[in-house]
Every structure is written in C-alpha cells, then in structure tokens.
Peer 1: 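Let me give you the structure first, and then I'll get to my questions.
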Amino acid sequence: MQDEPQHHIAVSTFFKNHERTSAIAWIDQDKKIIALGEFLDSKNYTTLETAILQSICGIPEVLFVAGTSYEDQKVQQVLHRCNVTPREIAKPKAATQQTFNQLCDLLSDENEIPATTIFEKVNALAALQILFKAYPDITSPNSNGQFTLTEINTNEFLMLDASAIYALGVFEAGVDGPKTITLFGLLNQCKTGMGERKLRQWLRQPSANKTELNRRLDIVQFLVETPQLRQGLQDQYLKFFVDIEKTALRYARGRGSLEDAYHLYECVKMLPEIVGLVNHLLTRDKVSQTVVGAASAQTLEQTFLQPLKNIIDDFANFVSLVETVLDLNRAKNERMYMIKPSFDKSLTHIAQQRELERQTIADLHTKLSNELFGVDPVETKGKGKKVVRVSADETRLRLEESVQHGFCFKMSRKDEKLIRGEELFTLLESRKDGIKFTFPALKVASDRFFACETEYQSKQKELESKALEVVGSYVPIMEELASLMGEVDVLCSFAQVSSCAPIPYTRPLLIDHSDEADEELRDVAGLIAFQNMRHPMLEVQDGTHFIPNDLVLRSGKMDQLSPDQVNSNSDSHVTPSFLLVTGPNMGGKSTFIRSAGLVTLLAHVGCFVPCSPGTVHSSVQQSLSRSELILLQKWGCVLTLRDRILCRVGAGDCLFRGVSTFMAEMIDTASILASATEHSLTIVDELGRGTSTHDGCGIAYAIAEKITTEIGAPTLFATHFHELTEMTATFPSISNAHVSVFEQADQITFLFKVQPGPCSQSFGVNVAQMAGFPQRVTDSATRRLRELEGKESQQHLPDSDLVTIRQIERSIRDLGSLSTENMNEQQIFHYLTSLNADT
Ligand SMILES: Nc1ncnc2c1ncn2[C@@H]1O[C@H](COP(=O)(O)OP(=O)(O)OP(=O)(O)O)[C@@H](O)[C@H]1O
C-alpha cells in the first residue's frame, strides 16, 4: 500500500446556454505534477469520459461536487461508465483567484507552461479547487515551488470511450466476445511491472501521433526480425529487473533502503551487457539490411540504444558509490544490506575492535572447553576416548548470544556438576534442557563487544542515511530507466505476440493528414484497408480455425442521390464509408466489425496487426485506386489514423447503468452522433434491438443517414434489419456486405466469409435448430415463416405482419440466448405462438 502512487483526480463541469464545458484536474504528488484540462464537451460529456479514462491508470476514485440537476446526473453516469468510484465533495468556498494564487505558489520556475494560460480556464481551476480542498497537504508551504504544470490534451491520443473499451474487450472480456481473454491479457507478455503499467497506459491512451507510432513500430519490427534479441532481452535481462519505478517512488518519498540501492545496482550492471547484445545484432544485421529494415535499426539505435548509453553514463557515479559503500559480499551471499566497514576509517576501527572482542570470547570458549572436557568446542570424545568433530549445536559447551545475557555458555544439566560450587561462575538460567552461565572475563568481553556493536550500528546508520540521500538524487534517472525498460518490455511483448500468432501479424502502413506532401500517400488519405483481417483474441482460442476477411472503408460524407442520379448510379464503384453487414445469427458479423476496431486500436498503440498481405480479392480491388491497391498488396494493412473509436454494441452494460436496454442504446448512439468526426471509426452492432422492429429500423435508418451524409465517419454497422440494405440505392457511400453460409437441405454451415451484397435471409429458424430447439417448435416456426413470406411476396403484407416475421426471428434468437434448459417444450411453443397471436 505504501508503494501506491499518490495520484488524485477531480472533475468539474459547467453548462450554460446549451454549451457544456468539462474539466479535469490531476495531481501526482510523487512526481510533483499538476495536470489540468478543460474542453468544450458533447451532450453526454464524451470528452470528459475519455479524459478520465486516459488519466485514471490505477486510481480508484474521482472527486466531484455533487449536484442534482440532469447535467450532474449525466456526469455521474460518465463516472460509472469509467468504472471509478465517484467521491462527492461539498462545493469548495475558495474563489478562482485564490486557487490560481495557490497554484502559482506551487509551481517551480522550470514549469512547462506558464500558469497564466490557465487563468482563463475557470472550470479547470474549479476542479483543482476540489483537490486542494480534499487534500490540504498539497498546498502546505513546503510544497511551494515543487510542482510542474502540464495541460491534458486529448488530441494527442486516440479517444476511446467506455463503450469502446468494453466492446473491444480491452480490459475485461466482453459479453459477446471471447470469454477468457482480453486484449490486455493477449498483449501482456511483459516481464516487469514497469512494462505492464506502460501497456495499460498505452491501451488507455492510444497515440494519434504518426511519428511516435512509427518509432514504436520500427522497434517492434527489429524485434520481430531478430528473435535472438527479443528472447535475450526478455529471458536474460528483463526477467531479472526489479520494479525500478517503485524503487524511484520509494526514494522520492524518502523511504529508499540499502536493499533497494543494491537491487538497482544489479539492474544497472546489466545495462552494458544489454548495450553489447543490441550493438552486436545491429552491426551484424547491417550487413544484411534486407532482413532488418535500415530505418528500424536506426530508430532502435537512436531511441533505445543511445538513451540507454546516456543512462549508463549518468549512473556511473552511482555504481562506484554502491561498490565503495555497500558490503556487496554480504548483500549477495547473505542478503544483508549494510555499509562496508572499509568505507569509513572510524567504522573500520570500530569493526576491528569488535572483531578483537569476538576473538577474545572465542578464545575463552576454547579454553574453558579444554579445561572442562579436554577438547576444543567443536570436538567431543567418543567411545574409546576417540576425538570426533561435532557441529556447534552438538558441542558440550555451547557459546550463546542473547539480548538478555549477551554472550554466555550453555551446557547440559548432566554436565552442571563440573562447575557446581565454583565461585568463578555465575548461573544465569537453569532449565530442563540445560544451564546458562557466565564468568567475569566473558562478561567483560561480551559487554565490550556489544558496546562496539552499538557504536558500529549508530555510525553505520549515519553513513547509511548520507548514502541514501545521494542515491535519492538519482530518482530522475531511475524514472528515465524505468520508462525506457518498461517501453522495451512492452515492445518485446508486441513483437512476441506478432510473431507467435497462428498467422504472424503484419506492420500497418499509417497515414495521417500531414501526408499531403508525400506523393505516394497523398491520394490515400482517408483510407482504411485491412487484408486478411482476424480477431486477435478469437484466433488464439483453442480449436478455432479463424476465417480471415478483407475490409475497405474511406472517410468522407456524401449526399443522398436524387431519383435521376439513382437510375444512373448502378455501375459506379465508390469506396464505401459505411458498411452495412447483414447475415444469420452466429454468422460472424460482430466478430468482423470488432476485428476492425481491434486492428485499429493495435495500430494506434504501435503493435503489428492481425492482417496479412496477399492477393486482393476482386470485389475489394474495385474500391481501390491503383496506388492504393499496390500499397495494400505490399502492407496488408493501410490505416489513416483515427481520432476516436466509438462503439455501440450489445446490451451487456445497461444493467449496471440502471437504464433500459433501449435507453442505453440511445445514450450511446447519441454520444456517437455528437462526437464522431470524419476521422473517427464507428462500430455499431444491432442497433434498435431494444424496441419494436419499426421503431428500431426507423432509428437505425436515421442514424445511418446522419453518419453517412453529415459526419462521414467510416462506419461498420451490423444489423438484422434487412430493410436497411436498400439504403445503398440512394446513399452512394453506403455499401452492403454479408457473412456467408452454405445451405443444403435445411441445414446451414457458417462459412464466416464476408461477401459483398446483402444477405438474402436471416436463417433464424436454422440457428434455433442448431441450438437444439425441439423439432416441433422449429417446424411450427418454419411453417409460419413460409406463410408470411408467401404473403410478403404477393406484396399484400400488412405492416403488422412484416413486424411479426422479424419478431419471430428475433424472438427465436432471444430465446436462443436464454437458458432453454429451464424451459420445457410447451413453454417455448407457448411463447412462440403467443407472438403469432399478436397479429
Ligand atoms: N471469421 C471467423 N472465423 C471463425 N469463426 C468465427 C468467425 N467469425 C465468428 N466466428 C465464430 O462464430 C461465433 C459467432 O460469431 P458472432 O458473434 O460474430 O456472430 P453474429 O453474426 O454477430 O451473431 P448474432 O447476430 O447472433 O449476434 C463466434 O463466437 C466465433 O466462435
């Protein structure tokens, strides 16, 4: 608990004239950082949500001023969604000016940003007020001039809302996704606590900076292509690293120990070996630069090797300090961490004195043993007076040391007669197992020995605290080393996961808006193209033979076509920005659309992605220009960086939010509409499931229309509303795709291959059959479905019947997800026929 970081977060929101401002204040008392952010926010405070998710890293609670307004309730919902404990606090009385003054007092001269830039940010200062009120020690006078101020800027990162983190199974296994493994679990092959924490941080704050991501990818590439380096780093070095971040924290709090210094020393001693290993492979592979890209080797050299060499230099004095001060032999062999006696003259002198007294005591022991038993203490006379060597425990005259008596001798009660009546000896203790006694010469030597010991300890303490103070001055370098080794640990994990997947991952080609100047990439901006895309967690599950799929989307909004344009549109091939995915239950729709989210997220943390280049399918080729095709064939993953991933999937999270399934759907969808931009990726699964078919279909239609004509965010939209598939006729950027099945004699086999065009039917009844529904029930459902389909084909089907067809299909599906074990055949039949009776 003592090593837990001292981080605190508070939020504050403000709503006026239909405009919402949210703010977050974050204080790290160990690293002495104050971070403030203030944002114009959406209706559902999605930016605040992302800022909290990016900042919490291990912080269980968030402080806020409780209120009862509708807006306050929304903020509380955001906190629940972020899975943190909201801690209500009464509104602080301090004025903004006072908080600002307190902030200025706390800041050091080397502050990153001038405090004046914050003065305008009243809401951020309000959040800071909350922290100052809850933790008054922060503003104590001895903290003055100690802190640096930074600004929380959500633009640096890919924004992930709570729904996206949940839907993609980042930290907890999703309801519909793989049950046993999370993305964090898959990627976490880290050997150190520093690596694990860095990985969590990167997953919460995926980078949106292409240069930074390419830097990480370069190193991952080198580690993928040089397995000896990866394994060497992981198994020979990282595995033996202590958690230097925690060591730094203890020193920063004045609680560092000699033991910490010794373990840090052991790590620092490994660094030159690491440099040697990397250097060796770098120079060796320079010969064959086709194997390892020259760029990735250069990046490794510049951003890992060189900083590591600098750190070694910075630690040079630390190493000699430890070697001079610490008794390394005792540390290594006895795990005793103390100052070396030879370090200090007076300490040497006291140690020599102490040793002399110890020798005197040993001599007295030998002398008395010989007098009483005729042998040395480590000997005894066996049968026939033969002298046998014995251990110290077995000897007849034992030398003992205790707090109560100092040094004394112990012998059995049987031998007591040998000293009985002798005035010289003083009996100290008499027990069943023997007697303890002393005599004046032993008492004097013992007292002197302990006097030396006390003096030695106090001198040692004095020297220890001086040494620890010096070690404490290395905290910034410790932090640098912890960050560098944590990073390399994560990158080794990425390389490991990328290489050991059933099909090795590929490096994504990243594109951003600044690529306008790059001739090769200029025309590609906006493209998302994944070839042979897989779901990273599903494909590693036992017994899964994963079927890869391709995906092509492009950012950009497009108007709805006029009726004239509709007629002439039949042959045009526009890259879709909006893909409607239909197909049977269990056909692989959700898996397909979530895979796209996961590939995007992996690319944004700097990992290779579960895609692979190969021959591009003709249907995908049609959507690509020649240059795009060449790039896709070469890379297998071309991704224009995103600003956020927004998800609306499943209904698993509505219970804890205390709202109905439909309400939860609408809240998430409203957030998507409010915060999605042309540069986002939107994933929507089965929207409208929580209401009537007509309402659901209407809502889904309206949302699809808004996203495609007004927002232009690339969107994957899995749906059971087949009516929506007709939107492609009038919306040129909407395209249909379906998950295919093989149908034979009423039996279906899922092929999991995503094909262009809509799905012809839903196969709900077939899936119910596969799920083990009673034959009588599915026969009845099939009969009823055929009747209704017959009516539909005659185009006389009233709306109410249309609803019923879908209702039956969906009800069967809903029942499929219930536990049918507890329902008998009659109950299921009754349920289905009651639905029919509605019409
Ligand atoms: N590409 C694939 N390759 C292999 N197996 C797959 C693939 N896609 C999905 N599956 C398997 O099919 C199961 C169901 O997939 P998924 O949940 O994506 O279907 P769905 O169409 O979304 O179903 P529903 O409409 O009922 O929600 C997955 O749990 C997985 O086991």
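Just so it is clear, the model here is predicted, and its values are computed rather than measured. Atoms within a ligand are numbered from 1 in the order they appear, just like the ligands themselves.
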Peer 1: Does a donor on one side chain sit under 3.5 Å from an acceptor on the other, for T506 and S612?
Peer 2: no
Peer 1: Going by distance only, is there an N or O of T544 that falls short of 3.5 Å from an N or O of ligand 1?
Peer 2: no
Peer 1: Output all residues satisfying ring pair (Phe, Tyr, Trp, His ring centres under 6.0 Å) with F494, sequence neighbours left out; order by chain, then residue number.
Peer 2: none
Peer 1: I would like to know whether S577 and S555 meet side chain to side chain contact (heavy atoms under 4.5 Å, CB included); could you show each step before the answer?
Peer 2: CA-CA 6 Å; S577 70; S555 314; over 6 Å; no
Peer 1: Under the criterion side chain to side chain contact (heavy atoms under 4.5 Å, CB included), I'd like the reasoning laid out for V552 against L624: C-alpha separation, chi angles, the key distance, then a yes or no.
Peer 2: CA-CA 8 Å; V552 175; L624 299 171; 3.8 Å; yes
Peer 1: Has the side chain of T640 got a donor or acceptor atom that lies under 3.5 Å from a matching backbone atom of G526?
Peer 2: yes
Peer 1: When you measure from the side chain of S680 to the backbone N and O of I645, does any donor-acceptor pair fall under 3.5 Å?
Peer 2: no
Peer 1: If you measure every N or O of G588 against every N or O of ligand 1, does any of those distances drop under 3.5 Å?
Peer 2: yes
Peer 1: Have a look at T719, V754, T591 and point out the one with the heavy atom closest to atom 9 (C) of ligand 1.
Peer 2: T591
Peer 1: Check the side chains of N736 and T725 for a donor-acceptor pair under 3.5 angstrom, ignoring hydrogens and angles.
Peer 2: no
Peer 1: Ignoring angles and geometry beyond distance, decide whether S590 reaches within less than 3.5 Å of ligand 1 through its nitrogen or oxygen atoms.
Peer 2: yes
Peer 1: Hey, looking at atom 13 (C) of ligand 1, which of M586, K589, E686 has the closest heavy atom?
Peer 2: M586
Peer 1: Could a heavy atom of H720 be found less than 4.0 Å from some atom of ligand 1?
Peer 2: yes
Peer 1: Under 4.0 Å from any heavy atom of G587, which atoms of ligand 1 are there?
Peer 2: 19 (O), 20 (P), 21 (O)
Peer 1: Looking only at N/O atoms, are F546 and ligand 1 under 3.5 Å apart anywhere?
Peer 2: no
Peer 1: Consider ligand 1: state whether an atom of it lies below 4.0 angstrom from any non-hydrogen atom of R534.
Peer 2: no
Peer 1: Suppose we screen for side-chain hydrogen bond (donor to acceptor under 3.5 Å, both in side chains). Which residues come up paired with T544, at least two apart in sequence or across chains?
Peer 2: none
Peer 1: What do you reckon, does P584 put a non-hydrogen atom under 4.0 Å from ligand 1?
Peer 2: yes
Peer 1: For E539, state whether at least one heavy atom is located under 4.0 Å from any atom of ligand 1.
Peer 2: no
Peer 1: Is the distance between the ring centroids of F731 and F578 less than 6.0 Å?
Peer 2: no
Peer 1: For the 3.5 Å polar cut-off, considering only N or O atoms, please tell me whether F592 and ligand 1 meet it.
Peer 2: no
Peer 1: Is ligand 1 less than 4.0 angstrom away from at least one heavy atom of G583?
Peer 2: no
